[in-house]
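Each ligand, and each atom within it, is numbered from 1 in the order the structure gives. This chain uses plain numbering: 1 for the first residue, then up along the sequence.
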Amino acid sequence: MSAAGPGKAALFGPVDAARLRRRREIYTLLPGVAGRGELQCVFQPSVSASGGELRGLESLVRWASPTIGAISPGEFIAMAEESGEIVSIGRWMLDRAIADFARMRRMGLEVPQVSINVSPAQFADAELADFARQTCERHAVDPSRVVLEITESVLVDGSDMTSAAIDALLGAGFVLSLDDFGTGYSNLRSLIRLKLSKVKIDMSFVRRMIEDKASLIVVDTVIRLARGLSCSVVAEGVERQEQADLLRSLGCDEIQGYLVGRPMPFGEFVAWCEGRTDA
Ligand code: C2E
Ligand code: CA
Ligand code: CA
Ligand code: CA
């Protein structure tokens, strides 16, 4: 390409500048976001791989900024983790997800469990377990119905603070799930120590497993390992029927992904559930 040198600079310079500007803008908008009514909690279902029964729903945060519009969690969660704002965002999500889950059950929807993503940085909040417990009390939800999704980086951390928070959460009856499994650096000993109930296979393996033998081996191995540890296995990012069929034949317990349902706001999720019961 003749214009590779200067052309590249001319092409990518402004893009980088725009990206940097947006990052700076998000960073300035982050403080206090949870108190401004700009966050929303959406829900994505997971179903049993064998029969398709609803097993749970995962809560995912959405941010609609009145100044710059929609900001995806992929853009702002890492920044919020760095700045510490994740503590108040995380508390807001815990309260919202548990409140909405309680409301769904009062409406008669048979949703067994709600999952909530918890960042490693939230374990720096000494009151995390107390806050979670009180939230459950306030909404009359048993902690055994609340699954906290953590990532392997929590295991790597291994600090006293994190271990104490995990023990307190387990002691209060909360359920732990390991998210994005296969992407981190956890060792098997910490996996066992954690008393996990669920393991979620990262979607990068699920997406490639039909075409790529190595990914298939990872998926198969994770399923066997999890079952050996009496954990249930969830495959995320399932978009195609052939993936769901293969996962079922490998002994995967639950599937989640666009094939089953996209993340939906409260009302849409309720309608989705009701549509299934009528069918
Ligand atoms: P995650 O916890 O691994 O969540 C799965 C992500 O994959 C979600 O993206 C979901 O919308 C998307 N997804 C689900 N099914 C499919 C599928 O079939 N295909 C594809 N391509 N994508 C699918 P989302 O909502 O943008 O969240 C991205 C990440 O941001 C999450 O990854 C999680 O790490 C973080 N996050 C989201 N909400 C929260 C939250 O409330 N608290 C914390 N701490 N992190 C959150
Ligand atoms: Ca998750
Ligand atoms: Ca995940
Ligand atoms: Ca993730």
Note to self: I'd like the atom name of the N/O/S atom in Glu236 lying closest to the Ca ion (ligand 3).
What the structure shows: OE2
Next item on the list: Would you mind listing which atoms of ligand 1 come within a distance below 4.0 Å of any non-hydrogen atom of Asp180?
Entry: 3 (O)
Notebook entry, point to check: Can you list the atoms of ligand 1 that are under 4.0 Å from a heavy atom of Ser119?
Noted result: 44 (N)
Checklist line | Charged tip of Arg145 within 45° of Phe101 ring normal and under 6.0 Å | finding: no
Next item on the list: Using the six-membered ring wherever Trp is involved, compare the ring planes of Phe269 and Phe43 and label them parallel, tilted or perpendicular (cut-offs 30° and 60°).
Entry: tilted
Margin query: Would you say the Ca ion (ligand 3) has Asp180 as a near neighbour, meaning an N/O/S atom of that residue under 3.0 Å away?
Written below: yes
Check: Of all the N, O or S atoms in Asp179, which one sits nearest to the Ca ion (ligand 3)?
Finding: OD1
Check: Does Arg24 make a cation-pi contact with Tyr27 (under 6.0 Å, within 45 degrees of the axis)?
Finding: no
Notebook entry, point to check: Short list, please: which atoms of ligand 1 are under 4.0 Å from a heavy atom of Gly257?
Noted result: 15 (N), 18 (O)
Check: Among Asn117, Leu94, Ile86, which one has a heavy atom closest to atom 46 (C) of ligand 1?
Finding: Asn117
Notebook entry, point to check: What atoms of ligand 1 come closer than 4.0 angstrom to any heavy atom of Glu239?
Noted result: 17 (C), 18 (O), 19 (N), 20 (C), 21 (N)
Note to self: For Arg62, state whether at least one heavy atom is located under 4.0 Å from any atom of ligand 1.
What the structure shows: yes
Notebook entry, point to check: Near Glu236, which atoms of ligand 1 are under 4.0 Å from a heavy atom of that residue?
Noted result: 3 (O)
Margin query: Hydrogens and angles aside, do Thr28 and Glu25 bring a side-chain donor and acceptor to less than 3.5 Å of each other?
Written below: no
